[in-house]
Amino acid sequence: MPIVSSMHLRFVTAFLICSPLALLASESVELTSEQVSFFETNIRPVLSESCYECHAEDSEKLKGGLLLDSKAGWMRGGDTGQAIVPGDAENSLLIHMIRHEPGYKAMPLKSKLSDVQISNFVTWINEGAFDPRDQAVGELKNVDYFNLEERKQWWSFQPIVAHEVPEINDSDWSRNAYDNFILAALESKEWEPTPEATKQALLRRLSFDLIGLAPTPEEMQAFLEDNSPDAYEKQVDRLLASPHFGEKWARHWMDAVRYGESKSFEFDYVMPHAHQYRNYLIQMFNQDVPYDDFIRESFAGDLLENPRYDETGTINQSVKGPGFLYLTDGQHGPPDLHEDEARIFSGIIDATSKAYLGITIACARCHDHKFDAITTGDYYSWYGMLRSSRLDVSNAVAETKQLVPESKLRNGKSAVYDAAMEDAGRDATRIADYLAATRRIAAHDEYLAYTKSGANKQARKKPAPKLSDKVLALVELESTSAKLDKAVLRSWVEYFALKHVHSKWPQLDVVRQSIAGSGEVAPGRGKHLAPIKTVYPADLSQWIQTGLAFREEQTTTEQDIILSVKDNKRVVQTIVDASQPTAGLYSGRISGSLRSPDFILDGTPVELYARGRNARVNLIVRNYEQAGFGPTTKILSVAVNGSNWQRISIQTKLWPGQPAYLEVLQDGETRRLKAPLRSQADDSFVSISTDPNLPNTAKLWSGKPVASVIRQAWDNARRRSMSPEEAEVLGAMFEAGLIRAGSDRSEQLNSLMARYREVHNEIPEPVYTRSLTEGTAQNEPIYIRGSHQNLSKELNPRRFLDALGGDLLPEANSGRLEFAEHMVSESNPLVARTMVNRIWHHVFGRGIVSSIEDLGELGSLPSHPELLDYLAKDFMANDWSVKTMIRKMVTSSTYRMSTVPASEALAMDPDNIYLQRMPVKRLEAEQIRDHVLFVSNQLNRELYGPSVVAYTGDLPSARGKGKSGPIDGESRRSIYTQLRRNFMPSFLRILGMPNSIEPIGARNVTNVPAQSLALMNSEFMRKQSKAWAEYLLESETDDVARINHMHQVALSRPAEENEVTWARDLVRDISELYQENGEVDQLAVWQELCHVMMNRKEFIYLF
Amino acid sequence: MKPYDTSRRDFLKNSSMGFGMLAASSLFQKDLTAGLLSPLAPKAPHFAPKAKSVIFLYMDGGVSQVDSFDPKPQLAKENGQQPKFKVDATVFNNNGGLLKSPWEFKRYGESGIPVSDLFPHIGSCADDLCVIRSMTALSPNHPNANYAMHCGHVLAGRPSMGSWFSYGLGNFNQNLPSYVVVNGGLMPPGGMQTFGNGFLPANHQPSIVVPRHPVMNNIDPREPVSELQRKKLDYLNSIDTEFFKKYHHADEVETAIENYELAYRMQMEVPEVTDISKETEATKRLYGMDSPFEKTRQYGSQCLIARRLVEQGVRFVELTVSGIGGADRWDQHGNLKAGHEKNAFAVDQPIAGLIKDLKARGLLDSTLLVFTGEFGRTPFAQGTNGRDHNPQGFSMWMAGGGVKGGTVYGATDEYGYRAVENIMDVHDLHANMMHLMGIDHKELTYRFSGRDVRLTDVHGHIIPDILA
């Protein structure tokens, strides 16, 4: 019996032991001749004709694991179990499929069997599925034999060995142990290493390799003049310390994790905050964060007990680490969200496993890996970890920085509360006057004329209707004569007149009725929002918080005011009942989110009450990141922008049975893809309620005069003893502007607010960053053959890689932190090997294993296996310091060799696998562009910041293209160019920058005429050559000096004599050409020379 | 380890000065470069090809099968009635009753293939067409279906078939790109990734050409004085050659030097090849370039450019359509009649002209024409007068290049909703296109991501019934 995998084994044995059919199968039943004849006439030919192509032992590709060419084959069943139930056609999958019934896969794929054929199959099965083909099932050659122990023997899964440094003959040559390994291999072939490169070539090479930029002429001069024995090492240290170092090395990592900033597909929505991850990488490489810590941050940066902060202690860097995971593509309306999740997770697992482990775990999505020691269980362990985690847009500002002034905030707010209530009393004690004044206005001819026109009724019209100038004039007059606050009275009239205003405040309906009616006694109505039904865990204490915003201990009173630090005239935005989860009690800058546990959608709406400003409630189904606003998915995201309760009801009939969670974001704009991000709103807040019924304000009004109810509520508010109902009403009064508290009319409030604002502004503005947070911990089933519609019954326990021990991860949480620890454990040989190989590749142009992202069986074999292990050990011994590794590599004699080969090595090893010389390297796309900016003296060396919109003026128009950025990209380094996947900058793409979709370890180095065309004819090159010429003509007066300078910046060396002649001849010839065609323009002539210089091969090749 | 390429190196050594010096003389012939240095040098196919080039006529948005090549009298009988068959959820889910075709069908040619009045000119070429009525798409969404139709995969990032052909076969003409998209004005939803080279080397990126000036990015010299560029290139060449002498082992430098000469010639040749002004008036009329409708004239010029490109040995040419006024490509969710009529009017005569012109020039046999959208449209209405996306059955056709002309293959059900007979998918289409070009779709692979990746993934069947 072949062991397909442990899963299959269990299934097969279970079937054989438990099924009564197994007994049936073992009985040898003699078939009648009629039966044989029926089978041979009606069944076998059809099977052979229509099914064997995919369901026979000799099928080129066996489908569904189902054999139909033998009795034993179909008796065993396929991946989805039995296809044929003898005696029961209606319960036989095969019959449903050949009938092409809805919900079943239609078989045969290419055409439908005739009705007669189908009825023959029904007859055949109902009569017991007699089958004379009694040969045994052979080995399933189509299903790969998987034996973990055997697979684990592959070299890269073997422990890292501490190899002795080899002995070499020419010990003078070697500068460090790495050299010994290289030289030993050369000596064994009797090849000599090529001599050292010139100082000029060396510094140029080093500078590009370390910081991606050429040395300045001054840097070169200093190096040439430095005759100290460690002159070169000094340069190495200078460059390693340069802030540009991170810009060069971050880009390599961006390739590895397919960094991109948009979602591709139809509208190519830009992902908010993606650039934070790029900046994080740059900073991480610059700081030389130990690689093991980087891995901890990559998987669990949000979970670290002691996160890493920036130098000011303000920004939590670690939390940005998982930011790459969800830099995926995304559809704006995927028909099947589970399928979409499976696809997106596959991409995440693919990028992650290649980048960190140098193996292709995504290959195990459908079956155990075809070649490597990777099980399907490994794949679904990662899947389970991702399912147990959630995308979060976190505020990276250190919590301590958000909290430092907390006591001051608390005291300050408390004082503001009192002063604000005091001021509000001016209005709250005069409600009767406002009612009367509003009535007078409402009875006025001008007002009646205004309402008769209907202008006040069009609630849905945009812009919303306003009071007419004539009505406003009435307000002005009335407020003066009645000595009322003009702004407040205006609000009263607006509230009374405008439907879109008063319809927002059902709890104030009695107020409106009171204005309309004659008396002051309210009839006691106060209808409220319909009750909600909660299909999710409504106990908010079980919900998951991130950030500080929803902390309960913030509140000092049961009912509290929401302040506005922006609006002087309306210092109190509203009043909230703080027993409901509320964010923004002190400031929108203290940010965070609240998320429900996972629950299963039942197809009925998901409902919730919410109120707030700049807030958002999302229903996240299957971890789907709202990519734009697609026809079916836009309902999953609801803006909360109103202080009064809003009844959110999200239809889910498209997704019954799917897991989901609710997400409440205090600054909801942070997760919005389509709209440009607004600047952080300090006044943002959100409050939610899962209580099926909101406080009923009706009883508050019952039989009492409106003015006294409001006054009573205000009185209680002053004494901090409001009832929830009073808070509802008073909050609405504030929000509707029917009472207010304003710094403009209270000196005390003004000075208290000034003090409060000062403290408030000490809180840094949020730095939002894409990260992860914990969700509901869970194991995922295995998706049989990768199908999300065919799940294993047993869940796959989350664990570390089977081939590396398969240690179980904790059940209680996602296990990411523990997973990261397994990753960096000494018993995992893959991580260190992969990283040192990657570094080696970028330094020496070719990895010791040339397939950087695949150290598995389909990758290439190491050229220097012992060196690889030595490097890996050395890496770990040096505290996983990337800079140390680079330093050792570039200070080796190997690195210092010239690129000129010895003839025998060239003949025997044209690919230079044994490093008998340094390879000639072409600058990468970004380096070419940066070098052009460098020579033209335009390079803007500013670090970090948001991305510069890419130049797309040369791309065809298409959906979602948006505005093009400037041709010169603001002269920023290429790494800061925004990478929109559907609109990649063509200049960089032509020169070989990857497409931001597939993770790439080693770039293709291409060499095509389109590259020449771009360098010859693009607008960018034209502009830069002009800028260079301008600079040259200004800075140098003498031709020779100019020519020399050009060579020094462009090629890192002075012009040779023949080059001076060459350049002068060119200037002369071109001047002549210009002369023939009119005037000679010095600038134009030099521009042409500059352009030619930038097209020289030496400009883009390193020797 | 890859075997040391002696023949090439010997050639260079024997020429004693390497390739750069040759380039400096700048007078060598196309055929000298072929097979020598260019990554786009023609490569031997797996077996004798029927076709040498492909022209892919992409009907972006999705042509309605029941209004073009798949007549369904049943729709007229049940017009306005609710479908009796099970209807899958559509993209907009705003489905009305069955909608009969507003167009009549006529039988054309000896084969008698029925074609609707939308395409009288294409109808007149019926005996050259192999109409496939049982095509299916992998997704009901534009971008996914676009990616699938081009790259065999519903996601962005994979190489498009033009890149695969370029990679597998190279180009006959080293002075022209191997893979050209003649852009009618609109990129399909999904953007440039639809045409992208994915993980294949940048050599196989598409060149986007437009039927106006400048025809291609970076193709026009920017030097203000003519002759100036040549002068500069001569200077560049001389100094680069000098430099290369020092590092004669560096193949890539050699290639880079050569690329400038190739680029220079491309600069000459691309505008030349795409300049249709030299065509006779009769030819232009054949392509509808005297049409009163501007979009017909434009598509006519695209078709003419396509012919000129394949004539010069370009492997793969794709034409995209343009937006037709208010109607958005072929995507008629509403106003089917007006929208399809305009779209058809823009392409019908030009495409027929292309077929006839290729035939007259003896090029049709070696040029494979493929006409398809990313999916079809529903036989029932969206709203009252539109049709929604329909991936489960639609029509496309192929012509020339070794396909069996005058053929109808496969069938949909009586309403034209689902393919029921000889069902084909994009992988089958790609497999057969490759087959006609002499490529075994299972053999043309690229090692990426630990797998030998194919355009057809693990799918694709050769269908003898559609091959001549």
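Per chain, numbering begins at 1; letters A, B, ... match sequence-line order.
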>> If you apply the rule side-chain hydrogen bond (donor to acceptor under 3.5 Å, both in side chains), what do you find for B/Glu227 with A/Asn1077, and how did you get there?
In response: CA-CA 11 Å; B/Glu227 298 165 287; A/Asn1077 289 276; 4.9 Å; no
Is any side-chain heavy atom of [X] less than 4.5 Å from a side-chain heavy atom of [Y]?
| X | Y | value |
| --- | --- | --- |
| B/Lys232 | A/Leu1089 | no |
| B/Lys231 | A/Val1092 | no |
| A/His1091 | B/Glu223 | yes |
| A/Tyr1074 | B/Pro224 | yes |
| A/Met1016 | B/Asn218 | no |
| B/Glu252 | A/Val1005 | no |
| B/Glu242 | A/Glu1056 | no |
| B/Asn259 | A/Asn1007 | yes |

Which atoms of [X] approach chain B - backbone, side chain, both or neither, heavy atom under 4.5 Å:
| X | result |
| --- | --- |
| A/Arg917 | side chain |
| A/Glu339 | neither |
| A/Asn982 | both |
| A/Glu1019 | both |
| A/Phe267 | neither |
| A/Arg258 | neither |
| A/Ile990 | both |
| A/Arg1022 | side chain |
| A/Pro108 | neither |
| A/Thr899 | both |

>> Taking the ring of B/Tyr147 and the ring of A/Phe265, is the distance between their centroids below 6.0 Å?
In response: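 Under 6.0 Å, so yes.
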Please give me the minimum heavy-atom distance between [X] and [Y], naming the atom from each residue.
| X | Y | result |
| --- | --- | --- |
| B/Val225 | A/Leu1073 | CG1-O, 4.4 Å |
| A/Asn995 | B/Gly198 | ND2-CA, 3.7 Å |
| A/Glu266 | B/Pro143 | OE1-CD, 3.4 Å |
| A/Arg1096 | B/Asp240 | CA-OD1, 3.6 Å |
| B/Gln193 | A/Ser264 | CG-OG, 4.2 Å |

>> Quick one: does any side-chain atom of B/Tyr235 pair with a main-chain N or O of A/Asp1065 as donor and acceptor, under 3.5 Å?
In response: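 Yes.
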> Are the side chain of A/Asp954 and the backbone of B/Asn217 linked by a donor-acceptor contact shorter than 3.5 Å?
Replying inline: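 Side chain of A/Asp954 to backbone of B/Asn217, a donor-acceptor pair under 3.5 Å: no, none is there.
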Check whether [X] gets within reach of chain A through its side chain, its backbone, both or neither, counting any heavy atom under 4.5 Å.
| X | answer |
| --- | --- |
| B/Val181 | neither |
| B/Ile239 | both |
| B/Ile219 | both |
| B/Val420 | backbone |
| B/Met192 | both |

>> A quick test of your reading: do over 12 heavy atoms of other residues, nucleotides or ligands sit less than 6.0 Å from CD of B/Glu421?
In response: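 Yes, enclosed.
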> Going through the checks in order, is the ring pair (Phe, Tyr, Trp, His ring centres under 6.0 Å) test met by A/Phe1103 and B/Phe243?
Replying inline: CA-CA 11 Å; A/Phe1103 282 86; B/Phe243 170 68; 4.9 Å; yes
>> Counting heavy-atom pairs under 4.5 Å with chain B, which one of A/Gln331, A/His100, A/Met1021 comes out on top?
In response: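 Top option by heavy-atom pairs under 4.5 Å: A/Gln331.
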>> Out of A/Ala1014, A/Ala106, A/Gly856, return the one with the most heavy atom pairs under 4.5 angstrom to chain B.
In response: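 Most heavy-atom pairs within the cutoff with chain B belong to A/Ala1014.
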